[in-house]
> 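If you scroll down you'll find the structure; I have some questions about it.
Note that the structure is a prediction, hence the values are computed from the model and not measured. As the structure lists them, so they are numbered: ligands from 1, and atoms in each ligand from 1.
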Amino acid sequence: MTTAVVLMAYGSPSRIEDVPAYYADIRGGRPIKPKLLEDLIARYKRLGIEESNPLNEITEATRAALEAELGLPVFTGMRHWTPRIAEAVESALAGGADEIVGLVLAPHYSGLSIERYRTQLVDAVGGRAELRFVERWGDEPGFVDLLAQRVDGTSAHVVFTAHSLPARILNERDPYRDELLETARLVAEAGGIEDWSFSFQSESATGEPWLGPDILDHLEELAARGVEDVLVCPVGFVADHLEIRWDLDVEATEKAQQLGLRLNRIELPNADPTFVSVLAGLVRRHAAVPSRG
Ligand code: FEC
């Protein structure tokens, strides 16, 4: 069998002019309030994406390192921007792949997240190759250890975070929140952290309730409890993109300053070689024919 990997990530516009089309893709055709679009453009401007786009650059570095480690072709496929998941699949097939391993750079399963990546991948493959899909990996020991090392030894209160989702997923028995809490518990245990909590971040203004507590409210609760020092450990993201650089490094940091809290965050896994080895292990276990290494 000839195996190729499709490495999937959320996607990010690399030019300001692309933000409206990118946002429209995220909304899947549903209307966008002009004020929300303006806000998003302002966040991307402040992030300086035209000079350097963190999500796209880190994903490319991860892809290249994974390809080198596996000795297999790895193609990037973005869910909401280019290169699209379908383009990655076409490149894999053009290179002769008859087995495709799909891996998302997001560890926890939700019908609103991983399942959407899978649908795009399945539709793109259209039965033209064997498909193996890594559905979840939030409890992968190497990933847990990597995060544990980044919180180990801190005397700060550790707040684990992840992207929020609409609260209705709980009625749908979606495992997302439970999987996040399990990763947080495993990391705290491995890092010897007793003083920790969990909060969500990056809620969207869609007009429906989202899972909470939101980190900004949570910081208020922590300050009211007398906590002075906070270390944020995102468990649901693996790269320094908009949701980290804006929602944590700007918004949460400003909130902490107002509350008189010290706030730091861990370095995300990004393209760290240890993290790339974790990803390589996941691919090897899912591929029918183990690759080199
Ligand atoms: O750096 C970048 O340019 C992109 C950063 C980015 C990542 C990301 C990850 C996740 N999202 C998830 C769920 C939702 C749901 C909605 C939603 C909306 C947005 C918007 C932007 C955005 N997300 Fe995102 N997300 C990133 C960026 N996300 C921009 C639109 C503006 C805004 O709301 O701020 C709501 C969709 C709707 O309106 O119907 C739901 C989840 C993840 C983590 C898993 C993953 O990475 O795939 C879950 C990175």
Side-chain angles (χ1 to χ4, degrees), residues 7-16 18-60 62 76-82 85 102-121 134-138 161-169 172 174-177 179-180 183 200-211 214-216 234-251 268-270:
L7 182 68
M8 289 168 279
Y10 202 81
S12 178
S14 35
R15 299 177 319 161
I16 288 295
D18 294 331
V19 176
Y22 168 71
Y23 198 174
D25 192 278
I26 292 175
R27 293 287 296 161
R30 283 165 299 130
I32 299 171
K33 291 193 181 119
K35 171 78 176 73
L36 294 180
L37 178 58
E38 266 171 47
D39 285 354
L40 186 60
I41 290 172
R43 278 185 269 155
Y44 277 116
K45 277 196 177 145
R46 174 109 178 241
L47 195 66
I49 56 154
E50 308 225 39
E51 286 76 48
S52 111
N53 180 302
L55 179 66
N56 295 346
E57 284 169 12
I58 295 163
T59 307
E60 171 52 23
T62 309
T76 297
M78 300 291 194
R79 183 172 146 204
H80 291 299
W81 204 241
T82 55
I85 290 170
L103 173 63
V104 183
L105 286 169
H108 306 95
Y109 180 87
S110 167
L112 293 183
S113 164
I114 301 299
E115 196 54 38
R116 304 259 168 109
Y117 287 91
R118 173 161 37 203
T119 302
Q120 284 195 22
L121 184 66
V134 184
E135 202 165 73
R136 51 173 58 76
W137 47 273
T161 68
H163 202 295
S164 184
L165 280 176
R168 65 183 144 84
I169 66 164
E172 293 154 9
D174 189 290
Y176 183 67
R177 187 174 69 172
E179 290 189 15
L180 292 167
T183 300
F200 287 94
Q201 60 166 94
S202 314
E203 177 177 320
S204 240
T206 56
E208 63 181 325
W210 283 57
L211 296 173
D214 183 81
I215 185 154
L216 301 182
V235 295
F237 298 114
V238 296
D240 289 334
H241 42 54
L242 183 75
E243 313 299 71
I244 300 295
R245 296 270 196 93
W246 178 267
D247 298 356
L248 294 181
D249 294 356
V250 178
E251 271 189 345
L268 272 88
N270 292 321

> Checking Y22 side chain against G11 main chain: does a donor-acceptor pair fall under 3.5 Å?
yes
> Could you tell me which atoms of ligand 1, counted from 1 in the order shown, lie closer than 4.0 angstrom to a heavy atom of W210?
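It comes down to these atoms of ligand 1: 15 (C), 16 (C), 35 (C), 40 (C).
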> Can you check whether L55 has an N/O within less than 3.5 Å of an N/O in ligand 1?
no
> Is the backbone of R79 close enough, under 3.5 Å, to the side chain of Q120 for a donor and an acceptor to pair up by distance?
yes
> Any side-chain to backbone donor/acceptor pair from W246 onto S202? Under 3.5 Å, distance only.
no
> Heavy atom of R245 under 4.0 Å from ligand 1?
no
> Are any side-chain N or O atoms of Q201 and backbone N or O atoms of E243, one a donor and one an acceptor, separated by less than 3.5 Å?
yes
> Less than 4.0 Å is my threshold; does some heavy atom of L40 fall inside it relative to ligand 1?
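The answer is yes: ligand 1 sits under 4.0 Å from a heavy atom of L40.
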> Just jot down the ligand 1 atoms closer than 4.0 angstrom to any heavy atom of A106, in number order.
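Listed by number with element: 44 (C), 45 (C).
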> Provide, to 0.1 Å, the distance between atom 48 (C) of ligand 1 and the closest protein heavy atom, together with that atom's residue and name.
L165 CD2, 3.7 Å
> Check whether D174 reaches the backbone of G111 with its side chain - one donor and one acceptor, N or O, closer than 3.5 Å.
yes
> Would you say the side-chain atoms of E179 pair up with the backbone N or O of Y109, donor to acceptor, closer than 3.5 Å?
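Side chain of E179 to backbone of Y109: a pair is present.
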> Please identify which atoms of ligand 1 are closer than 4.0 Å to at least one heavy atom of Y44.
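By the 4.0 Å cutoff, the relevant atoms are 2 (C), 3 (O), 4 (C), 29 (C).
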> Got the closest protein heavy atom to atom 20 (C) of ligand 1, with its distance?
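Ranking protein heavy atoms by distance from atom 20 (C) of ligand 1, first comes I26 CD1, 3.6 Å.
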> Under 4.0 Å from a heavy atom of G11: give me the atoms of ligand 1 that qualify, with their elements.
4 (C)
> Can you report which non-hydrogen protein atom sits closest to atom 39 (O) of ligand 1, along with the distance?
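Residue, atom and distance for the closest contact: R30 NH2, 2.7 Å.
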> Would N56 and S12 satisfy side-chain hydrogen bond (donor to acceptor under 3.5 Å, both in side chains), going step by step from the backbone distance to the final call?
CA-CA 7 Å; N56 295 346; S12 178; 4.7 Å; no
> List the closest protein heavy-atom neighbour of atom 30 (C) of ligand 1: residue, atom name, distance to the nearest 0.1 Å.
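Sorting protein heavy atoms by distance from atom 30 (C) of ligand 1 puts Y23 CE2, 3.4 Å first.
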> Would you compute the distance between atom CG of L47 and atom NE2 of H241 and round it to the nearest 0.5 angstrom?
10.5 Å
> Can you tell me which residue and heavy atom of the protein come closest to atom 17 (C) of ligand 1, and the distance to 0.1 Å?
Y10 OH, 3.4 Å
> Within ligand 1, which atoms have a heavy atom of R27 less than 4.0 Å away?
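Every atom of ligand 1 under 4.0 Å from some heavy atom of R27: 37 (C), 38 (O), 39 (O).
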> Students should be able to answer this: which protein heavy-atom is nearest to atom 49 (C) of ligand 1, and at what distance?
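The closest heavy atom on the protein side is H241 NE2, 3.2 Å.
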> Quick check on contacts: which atoms of ligand 1 are under 4.0 angstrom from a heavy atom of Y117?
45 (C), 46 (O), 47 (O)
> What protein heavy atom sits nearest atom 33 (O) of ligand 1, and how far away is it?
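For this ligand atom, the closest protein heavy atom is S204 OG, 2.1 Å.
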> Looking at side-chain heavy atoms only, is the closest gap between V238 and I58 below 4.5 Å?
no
> Nearest protein heavy atom to atom 10 (C) of ligand 1, by residue and atom, and its distance?
H163 CD2, 3.2 Å
> Do the side chain of D240 and the main chain of R245 share a donor and acceptor less than 3.5 angstrom apart?
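Side chain of D240 to backbone of R245: no pair is present.
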> Please check: side-chain N/O of S204 versus main-chain N/O of T206, any donor-acceptor pairing under 3.5 Å?
no
> Find all atoms of ligand 1 within a distance of less than 4.0 Å from any non-hydrogen atom belonging to T206, and give their numbers and elements.
37 (C), 38 (O)
> Is the shortest distance from a Lys or Arg side-chain nitrogen in K35 or D39 to a carboxylate oxygen in the other one below 4.0 Å?
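Salt bridge between K35 and D39, a charged N being under 4.0 Å from a carboxylate O: yes.
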> Does ligand 1 have an atom that lies less than 4.0 angstrom from a heavy atom of R43?
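Yes, R43 has a heavy atom closer than 4.0 Å to ligand 1.
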> Give the atoms of ligand 1, by number and element, whose distance to some non-hydrogen atom of S12 is under 4.0 Å.
1 (O), 2 (C), 3 (O)
